[in-house]
Colleague: 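This structure is in structure tokens; I'll ask about it shortly.
First the proteins, then the strands, lettered A, B, ... as listed; each starts at 1.
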Amino acid sequence: MQILSFLLKKLTYLVILLFVVALITFLLVSLSPIDPIRAYIGADMLQVSPEQKEQIEIYWGLKESKPEQFISWITSLLKADFGTSLIYRAPVSEVIADKFFASLLLMGIAWILSLVGGIVLGSIAGMRQNGLLDRIIQLYSYVLVSTPGFWFGLLLLMIFAVGLGIFPIGLASPIGMLEGNVSFLDRLYHVILPALTLSILGTANIALHTREKLIEILKSPFILQAKAQGLKGFSLYKRHAFRHTILPAISLHFASFGELFGGAILAEQVFSYPGLGQAVVDAGLGGDVPLLLGIVIISAGFVFVGNFLADVLYKIIDPRFRKGLMKL
Amino acid sequence: MKKWIPIKLIVPILLILVLYIVAIIIEQKELAIDLNQKNTAPSLTHLFGTDWLGRDMLIRTWQGLSVSLTIGIVTAFCSTIIALLMAVVAGANKKFDRIVRWMIDLFLSLPHLVTLLLITFTLGGGVKGLMIGLIVTHWTSLARVLRVEVFQLNNSEFIQASRQFGKNYIWIVWHHFLPHLYPQIIIGAILIFPHAILHEAAVTFLGFGLSTDQPAIGIILSESMSYLSAGYWWLAFFPGLFLLSITLTFQYMGKQVHRVMERNDRYDSGVNN
Amino acid sequence: MLWKGTIGMTQGLIIKNLSLYHKYEKMTLVNNVSLSIAPSEIVAVVGASGSGKSLLAHSILHLLPEEIEQNCEMLWNGETVNQHNIPQLRGKKIALIPQTIDALDPFLKVGKYLLTLMKGKNKQHRLHKIWSSLGLDIDWLAYFPFELSGGMARRVLIASALVQNPNLILADEPTPGVDADTLSGVLAPFNQMKQEGKSVLFITHDFFAALKVADRIAVMDNGEIIEVSPVSFFAGDGEKLKHTYTKALWQALPQNCFVNNWR
């Protein structure tokens, strides 16, 4: 019962959130000086007669009043109809579904690798507080946090793809191959470098956070007692610190889906990886408003899911929540 | 009361100042195009190498830095003001607090870069669009910190006392909040800076920000993409490294300021006791 | 028998000139404390809160936070104890009964926690034996620490010290809020330990409980041990006691007040 009301609360929040995001995005776009038709047609604008322009306007519903446009857009959104992408000439939902898979593969690999790497580094640093290893790991993390992600991607591209020639320079699948013929291995081969970029960059934050948490946990009474029981070093960490440390780390990692998405946009651009990130850039540069709005809504949902999982995680793992002693 | 400022804080400040002043001086300088010298690797005459028009990459990068630093300063300043205003508004009453919390949640509900792209897109790009985008998206984390501080101050005894003496909220903000919040404000502003210039470079790199004829590190890096397979590594390597050293300097500065503030704080309370 | 804890003792624990100094606060917390505990002996350390008695247990295990500087000479069964060999003694030879249930990992069921501490064969069987000797229900092994009641928690904490079969048990305030009626039940496990040849350092502010269980009583005040006397000295008017503070403590006990008034 408690779980149900918790889920209901979250769901209501999501609905309101998506509505507000949609409203604001719509307002922003409609108040902008950009003429969607000019943005769409671009240089060919001179060849379009006023009559044709008017026809397009009617076709896109641009002649209606702004509130009417918004309502019709929102109602079609509810039917999962995001409109038609101008640059891909296909329904936005299809474009997004297609690109989302590629991005999800990239982000999923990066998410897991950076989580594991960050926890390992952070744990070593925390257990060796103020030691040489700790200093090295801290320096490494601080430098990575300040590094422009896309530049880091360019470096990896130069070293591994151009210099050593181990990896392809771009594209999620080999050129000239039909989408259906792309094997999973091919996809994996193309996703490695961008995923590696995101993973390495992602470890920094998790490592710093894990280190801080671990140091805090090592001061708690149950660790002192475990030491009094004769535990030390790795077995102390494994038995009593590990779970307490990874819980906040995983939670934080879920809560940073937004940064992951942002990183993916840049990585996809650098490595010409055709995912959602590249689509949002193309949509913006090409004035493809329906696609842009669609991706904005989807990314809001994506970030929400991350925050939701971060929130729920504690409640699943911490026995005090499971036993209902703490409120959901 | 003498406050203590360590050399570790003076060095990064001086470094940034010198870089910035030099950048402003050389900004107007038209770069010599020398087609005999195009795409040369780094050498003693051209430390960062040259580009496809034979322009010196060190000078180009440095010029780009001036734009980045200016944008960074303006963003840090304006975002800090917004963050402070939000925190003060939130402290006024419960209803405002809820609104501010909603605003923060709303901004955090989209990936930061997506929000930035959306705003720069709708404002038609360019310096103006980029700057507005950066300003309206960088206040959230500082606002969160300040909101909590204001909340705690609001519940403290001396402010309750001021209230009972009939002082109004503005008076309390001016005489109590600001003196207490200023360390957080300064550190927050310094830490906004590296974020802002990294985002500026990223958005420009993606083609949404500064226009291609402007000297900017994002432009230089996106240009370098076309020459990567030719092996012209210096086109990307040095400009990025330059940018990294700037952001690192600011991170370091933030850390040192934090340390100084803590120290002075301890010193103050030691004297008062 | 009376002075079995003297310098010539080879079995048990000897602490000589223990001093604890807080580096940041720049103050001495414990000054020149010497104490010995023989096998099959219960030594109570009594003192008001802030007298430094609680630091004693952690300083024996060398587990004080790094801001506290520790100076002492310590012998265990005749061998010097220091930072390097204490980890081998912790839990296995010298175990601690902590004050509160916070000392148990909140993520682990108590039974699982205790089993991981144990080594050798028949772990389950040995654990059940200790468990039931403390009057605990087998079902409670599956409880998380935060699910235990005050009385259960107290006994589980005792069990946690006993699972590794140590020779010396440091009990830090083991009888909080226990009233006189239930006291003998709570103290029974300590008498049992003594029977089995174990030594107990019984740290408490409850003078009454100390008198009931201990062989010798060390009185701590202001970071110093002002008196160590066998429990038999605490009789009559307290004329055998050396220190006025100890006498005052003794005379302040309810039953003695009655005696005094009656006279």
Colleague: For Ile94(C), is it the side chain, the backbone, both or neither that has a heavy atom under 4.5 Å from a heavy atom of chain A?
Modeller: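 The answer is the backbone of Ile94(C).
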Colleague: For the backbone of Leu96(C) and the side chain of Gln225(A), can you confirm whether one donor and one acceptor N or O come within less than 3.5 Å of each other?
Modeller: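 Yes, the answer is positive, given that a donor and an acceptor are paired below the 3.5 Å cut-off.
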Colleague: Does atom NZ of Lys112(C) have more than 12 heavy-atom neighbours, drawn from other residues, nucleotides or ligands, at distances under 6.0 Å?
Modeller: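 No, the 6.0 Å shell around NZ holds no more than 12 heavy atoms from other groups.
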Colleague: Is the count of non-hydrogen atoms from other residues, nucleotides or ligands lying under 6.0 Å from Glu79(C) atom CD greater than 12?
Modeller: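 Incorrect, the count does not exceed 12.
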Colleague: Can you tell me which of Leu117(C), Leu89(C), Asp105(C) forms the most heavy-atom pairs within a distance under 4.5 Å of chain A?
Modeller: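 When all of Leu117(C), Leu89(C), Asp105(C) are compared, Asp105(C) has the most.
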Colleague: Please classify the contact of Ile217(A) with chain C as side chain, backbone, both or neither, using a heavy-atom distance under 4.5 Å.
Modeller: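 Neither part, no heavy atoms under 4.5 Å.
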Colleague: Has Gln229(A) got a side-chain atom pairing as donor or acceptor with Gln164(C)'s backbone, closer than 3.5 angstrom?
Modeller: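 Not at all, since once roles are kept as given, no pair shorter than 3.5 Å links the two residues.
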Colleague: Taking all non-hydrogen atoms of both residues, which atom of Leu224(A) and which atom of Leu63(C) are closest, and how far apart?
Modeller: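 Of all heavy-atom pairs spanning Leu224(A) and Leu63(C), the closest is CD1-O, 3.6 Å.
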Colleague: Got more than 12 heavy atoms from elsewhere within 6.0 Å of NZ, Lys92(C)?
Modeller: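 Yes, because the 6.0 Å sphere around NZ of Lys92(C) holds more than 12 heavy atoms from other groups.
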Colleague: At a heavy-atom separation under 4.5 Å, does Lys232(A) approach chain C through its side chain, its backbone, both, or neither?
Modeller: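 Just its side chain gets close to chain C.
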Colleague: Between Asp102(C), Val163(C), Thr100(C), Leu170(C), who has the most heavy-atom pairs with chain A when the cutoff is under 4.5 Å?
Modeller: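 Among Asp102(C), Val163(C), Thr100(C), Leu170(C), the one with the most close pairs to chain A is Asp102(C).
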Colleague: Which class fits the ring pair His240(A) and Tyr113(C): parallel under 30°, tilted 30 to 60°, perpendicular over 60°?
Modeller: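 His240(A) and Tyr113(C): perpendicular rings.
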Colleague: Does Arg239(A) CZ have over 12 foreign heavy atoms under 6.0 Å away?
Modeller: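 Correct, the count exceeds 12.
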Colleague: Against chain A, label Ser160(C) side chain, backbone, both or neither, depending on which of its atoms sit under 4.5 Å from a heavy atom there.
Modeller: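 Answer is both: backbone and side chain atoms of Ser160(C) are under 4.5 Å from chain A.
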Colleague: Looking at side-chain heavy atoms only, is the closest gap between Pro221(A) and Gln99(C) below 4.5 Å?
Modeller: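 Sidechains of Gln99(C) and Pro221(A): no contact.
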Colleague: Quick one: are Leu108(C) and Phe222(A) in side-chain contact, heavy atoms under 4.5 Å?
Modeller: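 No. Closest side-chain heavy atoms not under 4.5 Å.
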Colleague: What part of Gln88(C) is in contact with chain A, defined as an atom under 4.5 angstrom from a non-hydrogen atom: side chain, backbone, both or neither?
Modeller: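 Side chain only.
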Colleague: So for His58(C), is it side chain, backbone, both, or neither that comes closer than 4.5 Å to the heavy atoms of chain A?
Modeller: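 Only the side chain of His58(C) comes within 4.5 Å of chain A.
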